[in-house]
Amino acid sequence: MIIYEMKDIHYTVQEKKQAKTILHVEHLSLKEGEILGIIGPNGAGKSTLLKVMALLDPLASGSITYRGRKINPHAVPLTLRHKMATVFQQSLLLDMTVYQNVALGLKFRKVNKREQQRRVEEWLNRFDIGHLAKQHAHTLSGGESQRVSLARALVLQPDILFLDEPFSALDFPTKAALMEDLKQVLRETKTTTLFVSHDLMEVKYMTDRLIVLIDGQIAQAGTPDTVIQYPNERTQAFLNQWRAFASQGFAL
Ligand SMILES: Nc1ncnc2c1ncn2[C@@H]1O[C@H](COP(=O)(O)OP(=O)(O)OP(=O)(O)O)[C@@H](O)[C@H]1O
């Protein structure tokens with residue numbers, strides 16, 4: 001079932017006193033429980049698309065429908081905001097303990113203390129960071145910080161999870177371990193997820209469906225295997241570029 005749909009989205013910025021369209025998406029939908037990947041080169045508009053979809057940036061024009069209801073991005077109800085969670089490349093943790101960071105969103109949602117504790121402990125354990133509960137966030141490694149960020153988002157049981165390059169600041173072994181854990185969690189919880197990355201290997205591993213975004217437009221959509229095996233001309237140019245810059249010796 002489709003739970004989120006966008007039609008004819010335009011996002012424009014002012015550049016040298018002229019309006020420049022950096023995103024034009026004719027149609028994009030999210031199915032309940034799927035992990036949808038957005039991939040594309042630097043500057044393609046991936047983060048802008050994520051911010052528009054997560055209703056964090058109201059400046060786009062076009063239509064957004066969530067579970068059959070039209071959404072006005074300028075007046076997003078708090079109840080709807082509370083159904084979405086976002087994790088960025090930088091973990092953006094607050095200067096408090098790991099436990100307090102993960103509990104914060106539940107506190108805002110006025111979840112009672114006992115339930116907060118149950119859920120925080122569950123999610124710290126799911127991400128294998130139970131032993132860090134009392135540690136201050138600023139003392140964590142990059143991988144640990146991202147585990148806390150993911151636990152903080154998933155403890156909210158979001159209806160849609162938005163992930164903007166969550167692994168790109170991590171070294172390969174740390175990234176590989178976290179990707180494996182996250183994939184398992186998303187499968188178990190059937191969390192609908194939008195996963196933005198510029199790394200083909202990440203989206204191939206993580207996602208059910210893939211959109212290639214180039215110059216602010218959808219160049220191709222399909223399963224990761226189909227897109228990689230049967231790229232159209234624009235996707236092929238991106239794949240060639242990606243392969244040239246990807247770690248030496250890696251091939252799909
Ligand atoms: N406020 C703004 N004013 C001017 N240009 C902008 C603004 N926001 C984004 N852009 C431009 O729009 C384009 C898309 O940016 P965006 O950050 O969404 O791309 P991206 O695909 O996420 O890139 P990256 O992979 O490098 O993070 C870029 O060329 C960027 O410079």
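Both ligands and their constituent atoms are indexed starting at 1 by order of listing. Just so we're clear, the structure is a prediction, and the values are computed from it rather than from any experiment.
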Any heavy atom of Gly40 closer to ligand 1 than 4.0 angstrom? no
Indicate yes or no: does an N/O atom of Lys20 lie under 3.5 Å from an N/O atom of ligand 1? no
Can you classify the ring geometry of Tyr4 versus Tyr66 as parallel (below 30°), tilted (30 to 60°) or perpendicular (above 60°)? perpendicular
Counting non-hydrogen protein atoms only, what is the nearest one to [atom]? Give residue, atom name and distance.
atom                    : value
atom 13 (C) of ligand 1 : Gly43 O, 3.5 Å
atom 19 (O) of ligand 1 : Gly45 N, 3.1 Å
atom 5 (N) of ligand 1  : Val13 CG2, 3.6 Å
atom 25 (O) of ligand 1 : Lys46 NZ, 2.8 Å
atom 17 (O) of ligand 1 : Ser47 CB, 3.9 Å

Closer than 3.5 angstrom, by distance alone: can the side chain of Thr174 be matched with the main-chain N or O of Leu170 as a donor-acceptor pair?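 Here the side-chain-to-backbone pair does not exist.
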When you check the gap from the basic side-chain N to the acidic O, do Asp215 and Arg234 get nearer than 4.0 Å?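 Arg234 and Asp215: salt-bridged.
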Decide, yes or no, whether a salt bridge links Glu32 with Arg67 under the criterion of side-chain N to carboxylate O below 4.0 Å. yes
Mind running salt bridge (charged side-chain N to carboxylate O under 4.0 Å, His left out) on Arg119 and Glu122 for me, showing each step along the way? CA-CA 5 Å; Arg119 280 164 65 176; Glu122 178 195 335; over 6 Å; no
Taking the six-membered ring of Tyr205, is the NZ or CZ of Lys183 close enough (under 6.0 Å from the centre) and on axis enough (within 45°)?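 Geometry flag: set, cation within 6.0 Å and 45°.
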At a 4.0 Å threshold, what atoms of ligand 1 neighbour a non-hydrogen atom of [X]?
X     : result
Thr48 : 15 (O), 16 (P), 18 (O)
Ala44 : 19 (O), 20 (P), 21 (O)
Pro41 : 21 (O)

Trace of the salt bridge (charged side-chain N to carboxylate O under 4.0 Å, His left out) decision for Lys7 with Glu26: CA-CA 5 Å; Lys7 282 185 190 153; Glu26 285 176 18; over 6 Å; no
Closest to atom 8 (N) of ligand 1 (heavy atoms only, candidates Asn42, Val52, Leu50, Ile22) is Ile22
Result for salt bridge (Lys or Arg N to Asp or Glu O under 4.0 Å) between Asp199 and one of Lys204, Arg243, Lys175 points to Lys175
Would you say atom 2 (C) of ligand 1 touches the protein, meaning some protein heavy atom is under 4.0 Å from it? yes
